[in-house]
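Here the structure is a predicted model, which is why all the values come from computation and not from measurement.
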Protein chains: 2
Amino acid sequence: MSRTPLHPTREQIELPMVLDCLSDPIRLAIVYQLAQQERVSSELCCGDFYALSGKSNLAYHFAKLRECGVMQTRVAGTNRFMRLRREDLDTRFPGLLDAVLSSAAKDAERLQLLSECDVVEAD
Amino acid sequence: MSRTPLHPTREQIELPMVLDCLSDPIRLAIVYQLAQQERVSSELCCGDFYALSGKSNLAYHFAKLRECGVMQTRVAGTNRFMRLRREDLDTRFPGLLDAVLSSAAKDAERLQLLSECDVVEAD
DNA sequence: CCCTATGTTCAACACTTATTGAACTATCGA
DNA sequence: TCGATAGTTCAATAAGTGTTGAACATAGGG
C-alpha cells in the first residue's frame, strides 16, 4: 500500500505503451469513464469500476495505466483517486486521446462501455 | 500463397484491434512508412521493409495489419503490394490515424522509424 | 523447363499478458 | 481497540505474442 505510486514524467510517456494500454477493452473502458468524469471535474476511485472486473484485476490494469502515463493516482486515506493525465497526453500526442475517445464513443455499445447514464452531467 | 488475402469490411474494423496493431513498434514503423508512401501514391511491397525485420516475421505482422483492417494487400505476380486503408480508417475513427502518425513523427528517432530520406518526396 | 526471387506457412520457442482467489496492508469509524 | 472497508500484492494458471529458421508455393525470366 502506502506512498503515492510511481508515475513516468511527461517526456517518458511512450506512444507504443499508450496505444497498448488503450487497446485492452477493460482499460479502454476505464479511460473512457475517467474522461467522462473529467467534465464534472471530480475524480473516480477503484470501487467505481467494479462493473468492469474484479478488484485485483482492476488493480492490475490501474498499475498498467499508471506506468504508461495514461492516468494518475492520488492517495487519500483508504481511497485512491484517479484522473486522466490529459494535459500531458495532449502535449505529447496532440489529438490522440480525443480521437480515441470519440472513436470509442461511436462504438460504445459494441465496446460495452458504460454509457453516460451513470455519470452525473454538469449543468 | 494464392488468392487475395481476406480483409475485414469497413464496419468490421474494431478500435481495440487497430490500437493493438499500432502498439507494436515494427507494425507502427510499417504503417508510418506506408503513410509516407501514400503521398507519392505508389504502393510498397514486402521487400521494402527488410530493414525492419526478417521475411517471415514481416509476413506475420502484415497478416495482423491486414486482419485488423489497417492495410490492404493486392497480389500482382510474385509481389504483394500494400497500402493503408486510410479512407476506411478515417471514416470509422476520424482523426485517429493522423494523430498516431503525427505523434509517431514527433518521436521518429526514439521509435527508430526510418526517416523520409528513403522516401521520394512529391513537391 | 529449370532456376531464382518473392512472400507465405509451419513448428518451436521464450516471453508476456490477463485473470483468479487468497493473503495482506492501511485507514477510518464505532 | 475492534471490525469493516479499500485497495494492493502474490502465486498460479491459461492463453496469446513475437521471433526464428526451414519448408513450401507461386510466378517470371533465361
Can you check the B:Tyr60 OH to C:dT9 P distance for me, whole Å?
-> 14 Å

If each of A:Ile26 and B:Leu58 is mapped to the nucleotide of DNA chain C with the nearest heavy atom, which maps nearer the 5' terminus, i.e. the 5' end?
-> B:Leu58

Would you say A:Leu52 and A:Leu84 are hydrophobically clustered, going by side-chain heavy atoms of ILVMFWY under 4.5 Å?
-> yes

Rounded to the nearest Å, what distance is computed from the CG atom of residue B:Asn57 to the C1' atom of nucleotide D:dA22?
-> 15 Å

Can A:Thr73 and A:Arg80 be counted as having a side-chain donor-acceptor contact under 3.5 angstrom?
-> no

Return the value, rounded to whole Å, for the distance between atom CZ of A:Arg80 and atom C1' of C:dT27.
-> 10 Å

Using the 3.5 Å cut-off, write out each protein N or O paired with an N or O of nucleotides 28-30 of chain C and the distance between them.
none

Rounded interatomic separation in angstrom, taking CE from A:Met71 and P from D:dG7 | 11 Å

Tell me: CE of A:Met82 to P of D:dA6, nearest whole Å?
-> 13 Å

Under-4.0 Å side-chain N/O to phosphate OP1/OP2 contact, B:His61 with D:dT17 = no

Identified side chain to side chain contact (heavy atoms under 4.5 Å, CB included) counterpart of A:Met71 within the set A:Val31, A:Leu65, A:Leu44 = A:Leu65

Does A:Asp24 pair with A:Lys64 as a salt bridge, N-O distance under 4.0 Å?
-> no

Donor + acceptor pair across side chains of A:Arg27, A:His61 (<3.5 Å) = yes

In chain order, what residues pass the side-chain hydrogen bond (donor to acceptor under 3.5 Å, both in side chains) check against B:Ser103, with sequence neighbours excluded?
-> none

May I ask you to check whether B:Arg85 and B:Gln72 show a side-chain donor-acceptor distance below 3.5 Å?
-> no

Atom NZ of A:Lys55 and atom P of D:dT5: how far apart are they, to the nearest Å?
-> 10 Å

Spacing between B:Asn79 atom CG and C:dT8 atom C1', to the nearest angstrom = 14 Å

Within this structure, what is the CG-to-C1' distance between A:Asp48 and D:dA6, rounded to whole angstrom?
-> 12 Å

Between C:dA18, D:dT8, D:dG18, which nucleotide has the shortest distance from any of its atoms to the side chain of A:Ala59?
-> D:dT8

Can you figure out which of D:dT20, C:dA18, C:dT8 approaches the side chain of B:Cys46 most closely?
-> C:dT8

Phosphate OP1/OP2 of D:dT8 contacted by A:Arg66 side-chain N/O (<4.0 Å) = yes

